[in-house]
Amino acid sequence: MVDVMVIIRSGPEDVRRVADGLRLCAAMLGMDRAPRIVHLDEGVKCLLPGALQDSTNRDYLRTSADLAGIQVLVESLEENCLRIEDLDPDLNITTIDIRGLAEMMAECSSTVTF
């Protein structure tokens with residue numbers, strides 16, 4: 001069982017919340033505890049090229065993508081008029097639908113939302 005799911009709902013303009021979520025992901029990875037990482041709602045905009053201005057946050061995002069992978073909710077992409085092709089191609093991003101998200105959440109012992 002995966003211990004923690006980290007959901008990033010905040011957009012790039014809410015720098016503090018996004019940074020907290022990315023720091024948690026990086027810290028967990030540093031302890032060999034890969035979280036499930038899902039971006040939804042406004043959080044999908046954090047995955048656009050150049051969306052994160054702070055280099056530390058970009059590094060945390062890239063490290064999380066490389067080591068744990070990132071899921072993005074299809075419905076949130078549609079709500080934000082985005083396609084998977086619009087997101088940063090250097091990140092390991094896969095799509096998930098709401099049903100898959102619910103199944104993934106059931107596998108996790110806890111969920112943290114930023």
Side-chain angles (χ1 to χ4, degrees):
M1 177 180 278
V2 175
D3 291 333
V4 177
M5 174 184 284
V6 176
I7 296 177
I8 307 291
R9 293 186 66 204
S10 302
E13 65 281 346
D14 194 352
V15 176
R16 181 174 229 156
R17 288 187 56 81
V18 173
D20 287 346
L22 295 173
R23 266 195 306 276
L24 175 62
C25 292
M28 290 182 67
L29 289 165
M31 296 182 295
D32 292 328
R33 306 289 295 215
R36 298 280 181 106
I37 305 166
V38 181
H39 285 249
L40 52 93
D41 296 337
E42 293 293 309
V44 300
K45 294 177 183 176
C46 295
L47 304 174
L48 291 168
L52 300 177
Q53 299 300 311
D54 182 77
S55 63
T56 301
N57 289 338
R58 285 194 310 269
D59 290 343
Y60 286 152
L61 179 62
R62 175 149 292 122
T63 299
S64 296
D66 289 346
L67 298 177
I70 293 176
Q71 307 261 335
V72 63
L73 189 66
V74 172
E75 290 84 351
S76 292
L77 284 174
E78 293 168 358
E79 288 170 7
N80 285 283
C81 300
L82 295 170
R83 300 169 303 143
I84 189 77
E85 296 83 15
D86 297 328
L87 305 181
D88 190 334
D90 294 332
L91 300 175
N92 181 18
I93 302 171
T94 57
T95 58
I96 189 169
D97 63 13
I98 195 73
R99 179 185 216 108
L101 178 63
E103 291 171 5
M104 190 186 307
M105 288 179 92
E107 296 172 0
C108 295
S109 60
S110 59
T111 301
V112 183
T113 304
F114 292 93

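Within the 4.5 Å cutoff, side-chain heavy atoms of M105 are placed close to those of I7. Here the side chains of H39 and L61 are in contact, with some heavy-atom distance below 4.5 Å. Looking at L73 and T95, their side chains never come closer than 4.5 Å, going by heavy atoms from C-beta outward. For the pair V44 and I8, the minimum side-chain heavy-atom distance is 4.5 Å or more.
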Go through it in stages, so that I can follow the logic: the residues are K45 and E13, the test is salt bridge (Lys or Arg N to Asp or Glu O under 4.0 Å), and I'd like the CA-CA distance, side-chain angles, deciding distance and then a yes or no.
CA-CA 9 Å; K45 294 177 183 176; E13 65 281 346; 5.9 Å; no
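Pairs passing the side-chain hydrogen bond (donor to acceptor under 3.5 Å, both in side chains) check and including a residue from residues 15-29, sequence neighbours excluded, read S10-R17, D20-R23. Every pair tested for side-chain hydrogen bond (donor to acceptor under 3.5 Å, both in side chains) that includes a residue from residues 48-69 fails, sequence neighbours excluded, so the list is empty. The stretch residues 70-89 participates, sequence neighbours left out, in these side-chain hydrogen bond (donor to acceptor under 3.5 Å, both in side chains) pairs: Q71-T94, R83-D86.
The hydrophobic clustering, which links ILVMFWY residues whose side-chain heavy atoms are closer than 4.5 Å, places V15 and F114 apart. The hydrophobic cluster containing L67 does not contain V112, counting ILVMFWY residues as joined when their side-chain heavy atoms lie under 4.5 angstrom apart, directly or transitively. Linking Ile, Leu, Val, Met, Phe, Trp and Tyr whenever their side-chain heavy atoms come within less than 4.5 Å leaves V74 and L91 in two separate clusters. In this structure, M5 is not a member of the same hydrophobic cluster as L29, with clusters built from ILVMFWY side-chain heavy atoms closer than 4.5 Å.
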